[in-house]
Amino acid sequence: MTDSSKPARWHTHPDADAVATAAANRILQSATDAIARSGQFRIVLAGGRTPEKAYRLLADADTDWRCWEIYYGDERCLPADHEERNSVMAREAWLDHVPLPPERHHPIPAECGARQAAQSYRDTIATALPFDLVLLGIGEDGHTASLFPGQSHPPAELVHPVHQAPKPPPERVSLGERALNDSREILVLVTGAGKRKAVQAWKQGDALPVSRIHGLHGADVLIDTAAAQ
Ligand code: 6PG
């Protein structure tokens, strides 16, 4: 359900590089605030290609990696080292280049299959909530994580197995609305002309999966001019 009391806040930047820089800065500020508040920073990573530039910037960041706990919003059911895995992208761009304690990196075991991986990750997520920051992308159809239009899931379920996803691969695992919304901050990264229609639908109030993720205090959307027109 879209919570009209928590509208998205739109922040337009000239291009994808500027979005990546703004995203990296926001993530690091969120980490500083969380670590000062609680001694740790629980972040959920976005998949796809959009966040890669921001992840590469974070590889050079000066922060206390011992306080970070890294989770994933979704994962594709592919072998753990497959180049199309969201966790492989995040590791190659960022996580393999920083001293993050391995026990604080929580990839989704999607190589085990959607049903088994979802069951296993529910236990992981149940002990992680609430998150400090959830990063998300948006698909051209308005999907986010692996929550796709026209697919429904049990609302109370923290982590869903996803079958017949319209974006390959068809088998996926995704955090559900309940888990994604249990976060102090939501940061959505949107770049490129291909996302224009989804952005327009979102702004006009269409009930898209991405528009139902508002966190505890509303979502911030970092968007470049190509996607915003
Ligand atoms: C995935 C992502 C997915 C992604 C959007 C945008 O596994 O594909 O989780 O939700 O964020 O599809 O993808 P791009 O950033 O590649 O445009």
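Note that ligands are numbered from 1 as they come in the structure, with each ligand's atoms numbered from 1 the same way. Fair warning: this is a prediction, and the values are worked out from it, not measured in the lab.
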Legend entry - Nonpolar side-chain network containing Val162, other nodes, edges under 4.5 Å: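 So far as hydrophobic clustering goes, Val162 is joined with Phe148.
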For ligand 1, what N or O to protein N or O distances fall under 3.5 Å?
residue  : atom   : partner : partner atom : Å
ligand 1 : 7 (O)  : Asp74   : OD2          : 3.1
ligand 1 : 7 (O)  : Arg76   : NE           : 3.0
ligand 1 : 7 (O)  : Arg76   : NH2          : 3.3
ligand 1 : 7 (O)  : Asn86   : ND2          : 3.1
ligand 1 : 7 (O)  : Arg172  : NH1          : 2.9
ligand 1 : 8 (O)  : Arg76   : NH2          : 2.7
ligand 1 : 8 (O)  : Lys167  : NZ           : 2.8
ligand 1 : 9 (O)  : Asp74   : OD1          : 2.8
ligand 1 : 9 (O)  : Asp74   : OD2          : 2.6
ligand 1 : 10 (O) : His143  : NE2          : 3.4
ligand 1 : 10 (O) : Ala145  : N            : 3.4
ligand 1 : 10 (O) : Ala145  : O            : 2.6
ligand 1 : 11 (O) : Gly47   : O            : 3.4
ligand 1 : 12 (O) : His143  : NE2          : 2.6
ligand 1 : 12 (O) : Lys167  : NZ           : 2.7
ligand 1 : 13 (O) : Lys167  : NZ           : 3.2
ligand 1 : 15 (O) : Arg49   : N            : 3.2
ligand 1 : 15 (O) : Thr50   : N            : 2.9
ligand 1 : 15 (O) : Thr50   : OG1          : 2.6
ligand 1 : 16 (O) : Arg49   : N            : 2.8
ligand 1 : 17 (O) : Lys195  : NZ           : 2.8

Inset, instruction - Hey, can you tell me if Tyr71 and His106 have their rings parallel, tilted or perpendicular (30° and 60° cut-offs)? - result: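 Aromatic pair Tyr71/His106 classed parallel.
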Legend entry - Side-chain donor-acceptor pair present, Glu185, His217, cut-off under 3.5 Å: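 Absent: no donor and acceptor within the cut-off.
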Legend entry - Short N-O contact, Arg91 and Asp96, less than 4.0 angstrom: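 Between Asp96 and Arg91 there is a salt bridge, with a charged N closer than 4.0 Å to a carboxylate O.
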Inset, instruction - For residues 29-59, pull every pair meeting ring pair (Phe, Tyr, Trp, His ring centres under 6.0 Å), keeping only residues two or more places apart or in separate chains. - result: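 For residues 29-59: Phe41-Trp68, Tyr55-Trp94.
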Inset, instruction - Not counting sequence neighbours, which residues clear side-chain hydrogen bond (donor to acceptor under 3.5 Å, both in side chains) with His13? List them please. - result: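 Partners of His13 under the side-chain hydrogen bond (donor to acceptor under 3.5 Å, both in side chains) test: none.
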